[in-house]
Amino acid sequence: MGCQDELLVEKVCEMYEKISRLESLKPSKDVNMLFTQLVRTCMPPSPIDVTKLCKRVQEMRSKLIRLCGEAEGLLEGHFSTILGSYENPLDHLNLFPYYSNYLKLSLLEFTLLSQNCTHVPSKIAFVGSGPLPLTSIVLASYHLTTTTFHNYDIDPAANSMAAHLVASDPDFSKRMLFHTTDIMNVTNELKEYDVVYLAALVGMDKEEKIQVMDHLAKHMAPGALLMLRSAHGARAFLYPVIDPCDLRGFEVLSIFHPTDEVINSVVVARKFPMHVHSLDQGLGPMILPSKCSEIQVFNPLEELTIEE
């Protein structure tokens, strides 16, 4: 590990110690300051490979990802409550401090989706939508204006808050549906979706994430697309990393690692069109061999102009 990597790990460990000593992760001056510092520390492009770090740092990273996930959920819940106090909540989305990031991430994901999908999807599932389902809202507003979004979350309170945000809008109240359930209990319904999004914090560690991805591979429609959020370099201290070789039953189509303030990497995969028994028989990954080592990483935004 190089000197720069050692300094980075040391700084992240220091921040973890401070964050883990907080009495609450609810939005406050101290919480906001510490997480802003953490994100700024991890944001610059870095060659660090978190899988090669020592066991102590690996354990710290796992705990830090869970703390980040908890804080993110509390932040979204806080702002969902604020937005829900307005007569037309969707007119005030820019009150959320990371709204511009969601605009950029959604544009990136829509661009990747367009490059790999031959038609406008009629139904999309978003797994892990939370109390502030901004990805679904932004996609439905600007990019997929006729698509129906089925938002899945295990937390009834989160779904109740999210549903309230769109209830007053005549279009969105019809096109944004909310299901309170564990996605591991959803089977036949998954075949109805052209595209399934998996939120970054569904499956907080590698084993949980693989279980969810295997379940989706078993029940999604053949040829349907799976949109996943991962992390790269130092950003892997904030979010779980998806190894393309763990996507059994899918062909990985593209991976994109942003270098700006959009933290999440995006992975696009297609469920194999043929019927595959490998998941049930334990025959291992159904990924084309080249896909694990030579996935083309490209910038889909190079030719795009973002209009205000």
Side-chain angles (χ1 to χ4, degrees), residues 5-44 46 48-82 96-99 101-102 105 127-135 153-155 157-159 161-162 182-183 198-212 228-243 257-258 261-265:
D5 289 352
E6 287 178 13
L7 286 172
L8 173 67
V9 170
E10 187 180 331
K11 194 167 183 182
V12 171
C13 286
E14 284 176 12
M15 306 225 59
Y16 163 72
E17 292 299 331
K18 291 178 182 176
I19 289 169
S20 62
R21 288 198 294 266
L22 290 168
E23 287 184 16
S24 168
L25 293 177
K26 290 180 179 177
S28 68
K29 187 178 177 182
D30 288 345
V31 170
N32 298 348
M33 180 186 71
L34 281 173
F35 278 101
T36 299
Q37 287 178 357
L38 176 64
V39 170
R40 285 179 179 163
T41 300
C42 297
M43 192 184 291
S46 165
I48 194 167
D49 182 351
V50 295
T51 63
K52 293 187 168 67
L53 299 173
C54 68
K55 187 179 178 184
R56 177 185 65 83
V57 177
Q58 296 275 15
E59 288 173 355
M60 179 278 297
R61 173 181 168 255
S62 295
K63 292 174 184 173
L64 182 59
I65 286 173
R66 290 186 182 274
L67 290 172
C68 288
E70 185 182 342
E72 190 171 310
L74 291 167
L75 180 72
E76 289 185 4
H78 174 75
F79 276 94
S80 186
T81 301
I82 292 172
F96 185 63
Y98 301 106
Y99 180 58
N101 288 32
Y102 274 91
L105 177 58
V127 181
S129 47
L132 190 59
L134 280 175
T135 299
D153 202 282
I154 202 167
D155 181 0
N159 267 343
M161 295 167 81
D182 186 337
I183 199 63
L198 186 63
L201 295 172
V202 175
M204 296 290 276
D205 60 34
K206 189 180 176 76
E207 289 72 26
E208 290 175 20
K209 187 80 78 173
I210 288 174
Q211 280 185 346
V212 175
L228 303 129
R229 289 173 181 173
S230 182
H232 184 65
R235 298 166 183 223
F237 285 111
L238 308 174
Y239 289 103
V241 175
I242 290 170
D243 185 338
H257 301 304
E261 65 270 26
V262 175
I263 300 298
N264 288 119
S265 300

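One is the number of the first residue; the rest follow in order along the sequence.
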Donor-acceptor pair, side chain of K209 and main chain of V202, under 3.5 angstrom: yes
Reported CZ-to-CG distance for the pair F35 and L25, which is rounded to 0.5 angstrom: 5.0 Å
Would you list the atom pairs, donor with acceptor, under 3.5 Å between side chains in residues 61-77 and any protein atom, with sequence neighbours excluded?
from: R61; atom 1: NE; to: A236; atom 2: O; distance (Å): 2.5
from: R61; atom 1: NH2; to: A236; atom 2: O; distance (Å): 3.2
from: S62; atom 1: OG; to: Q58; atom 2: O; distance (Å): 3.2
from: R66; atom 1: NH2; to: D205; atom 2: OD2; distance (Å): 3.3
from: R66; atom 1: NH2; to: E208; atom 2: OE2; distance (Å): 3.1
from: E72; atom 1: OE1; to: Y239; atom 2: OH; distance (Å): 2.6
from: E76; atom 1: OE2; to: Y102; atom 2: OH; distance (Å): 3.3

With K206 via side chain to side chain donor-acceptor pair (under 3.5 Å) - residues at least two apart: D246
Contact summary for D153 and A158, nearest pair of heavy atoms: OD1-CB, 4.0 Å
Show every donor-acceptor pair shorter than 3.5 Å between a side-chain atom in residues 7-22 and any protein atom, with sequence neighbours excluded, or say none if there are none.
from: S20; atom 1: OG; to: Y16; atom 2: O; distance (Å): 3.0
from: S20; atom 1: OG; to: E17; atom 2: O; distance (Å): 3.0

Non-neighbouring partners of E59 that pass side chain to side chain donor-acceptor pair (under 3.5 Å), sequence neighbours left out: none
D30: partners by side chain to side chain donor-acceptor pair (under 3.5 Å), with sequence neighbours left out: none
Closest contact, heavy atoms only, P240 versus G203: CG-O, 3.8 Å
For S230 against V241, the heavy-atom pair lying closest together: OG-CA, 3.5 Å
Side chain to side chain contact (heavy atoms under 4.5 Å, CB included) between D5 and S46, intermediate numbers included: CA-CA 8 Å; D5 289 352; S46 165; 4.2 Å; yes
Distance-minimising heavy-atom pair for M43 and E261: SD-CA, 3.9 Å
Side chain to side chain donor-acceptor pair (under 3.5 Å) against N159, all qualifying residues, sequence neighbours excluded: T180
Residues which pass salt bridge (Lys or Arg N to Asp or Glu O under 4.0 Å) with D49, listed by chain and number, not counting sequence neighbours: K52
Residue list, side-chain contact (heavy atoms from CB on, under 4.5 Å) with N32, at least two apart or on another chain: P27
Nearest-0.5 Å distance that lies between atom CG in L105 and atom OH in Y98: 14.5 Å
Side-chain heavy-atom pair Q37, M33 within 4.5 angstrom cut-off: yes
Partners meeting ring pair (Phe, Tyr, Trp, His ring centres under 6.0 Å) with F79 (sequence neighbours left out): F96
Least distance between heavy atoms, P258 atom then S265 atom: CD-CA, 3.7 Å
Criterion side chain to side chain contact (heavy atoms under 4.5 Å, CB included) on L53 and M60, from CA distance to verdict: CA-CA 11 Å; L53 299 173; M60 179 278 297; over 6 Å; no
